[in-house]
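As structure tokens, the structure follows; a few thoughts come after it.
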Amino acid sequence: MTKPLRLGVNIDHVATVRNARGGALPDPVRAALLAIAAGADGITAHLREDRRHIRDEDMARLKREISKPLNFEMAATDEMVGIALHTRPHASCLVPEKRSERTTEGGLDVVSGHDRLKIITQELTRAGVRVSLFIEPSLEALEASKSIGAPVVELHTGSWCDAISHGQSDKADHEFGRIRVAAARAEELGIECHAGHGLDFDTARKIASLPQIIELNIGHFLMGEAIFVGLTQAIRTMRKAMDEGRAQGA
Ligand code: PXP
């Protein structure tokens with residue numbers, strides 16, 4: 001039987017808008033509660049080193065106030081590991097982070113970062129936090145993730161989504177092929193497979209057809225749609241697209 005596909009909603013952009021004015025509104029925790037009421041299975045928030053959107057107190061409140069799993073996206077730094085150990089979210093998704101980037105560009109370098117990522121994974125796992133590594137959809141990255149001992153990987157879908165939005169259909173097919181092969185390999189290795197970055201209704205519908213992927217994490221597109229139709233409607237339409245794609249692939 002095909003496994004259900006979970007929707008994790010990334011609420012970072014609500015904090016970006018709040019910080020633009022420097023006050024308390026709009027409140028990212030309110031957005032998280034609304035997202036859950038609309039059908040999100042979990043909430044993702046990225047505490048960046050420069051605190052450009054989510055702040056420490058947002059993470060603490062999310063942990064206290066939401067009823068669904070919190071996915072704490074973070075760089076693999078001592079500071080962030082310390083905050084995660086204190087916050088004890090359901091999951092920590094380790095991502096590469098560059099100060100100059102607008103969003104997370106590319107997956108973690110799990111090959112050269114192997115030993116350090118292994119220590120961090122063990123530390124977080126011992127504290128009851130489920131570790132996910134945000135990686136490129138490559139076999140090399142999957143083998144390294146297995147060796148690191150990560151129970152979960154999140155495949156970076158950015159190159160695929162970019163190729164589609166630039167009308168590069170051959171490249172898009174190639175990138176989707178990489179995601180398909182990586183998802184199948186993750187299952188063989190016994191690693192839970194998630195995916196995210198740049199997804200919209202159409203790409204979420206398509207990737208939902210891959211049965212090994214059991215969670216999508218989506219932020220930017222949903223928050224953009226929310227401006228026009230409201231967050232509840234945006235999430236409901238996304239949920240429907242994912243369910244349609246899952247049914248087609250089953
Ligand atoms: N997954 C990870 C690990 C991310 O870094 C991001 C971007 O913050 C997302 C998913 C969501 O990407 P988007 O905002 O493009 O939907």
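Order of appearance sets the numbers: ligands from 1, and atoms from 1 within every ligand.
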Val229 reachable from Ile227 in the ILVMFWY side-chain graph, under 4.5 Å edges
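Yes; Val229 is reachable from Ile227 via cluster members.
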When you pair each N or O of ligand 1 with protein N or O atoms, which pairs come out under 3.5 Å?
from     : atom 1 : to     : atom 2 : distance (Å)
ligand 1 : 1 (N)  : Glu154 : OE2    : 2.5
ligand 1 : 5 (O)  : Glu73  : OE2    : 2.5
ligand 1 : 5 (O)  : Thr104 : OG1    : 2.9
ligand 1 : 14 (O) : His220 : N      : 2.8
ligand 1 : 15 (O) : Gly198 : N      : 2.8
ligand 1 : 16 (O) : Gly219 : N      : 2.8
ligand 1 : 16 (O) : His220 : N      : 3.4

Heavy-atom check, side chain of Leu124 versus side chain of Ile120, under 4.5 Å:
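They are in contact (side-chain heavy atoms under 4.5 Å apart), so the answer is yes.
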Provide the full list of ring pair (Phe, Tyr, Trp, His ring centres under 6.0 Å) pairs with a residue in residues 71-119, sequence neighbours left out, each pair given once.
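For residues 71-119, and leaving out neighbouring residues, there are no ring pair (Phe, Tyr, Trp, His ring centres under 6.0 Å) pairs at all.
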Side-chain donor or acceptor of Arg55 paired with backbone N/O of His53 under 3.5 Å:
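A pair under 3.5 Å: no.
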Through direct or indirect side-chain contacts below 4.5 angstrom among Ile, Leu, Val, Met, Phe, Trp and Tyr, which residues connect to Phe134?
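Val95, which link up through side-chain heavy atoms under 4.5 Å apart, make up the rest of the cluster.
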For residues 5-14, run the donor-acceptor check on the side chains, cut-off 3.5 Å, and write out each pair with its distance to 0.1 Å, sequence neighbours left out.
from  : atom 1 : to     : atom 2 : distance (Å)
Arg6  : NE     : Glu215 : OE1    : 2.9
Arg6  : NH2    : Glu215 : OE1    : 3.3
Asn10 : OD1    : Asp12  : N      : 2.8
Asn10 : ND2    : Asp12  : OD2    : 3.4
Asp12 : OD1    : His46  : N      : 2.9
His13 : NE2    : His220 : ND1    : 2.8

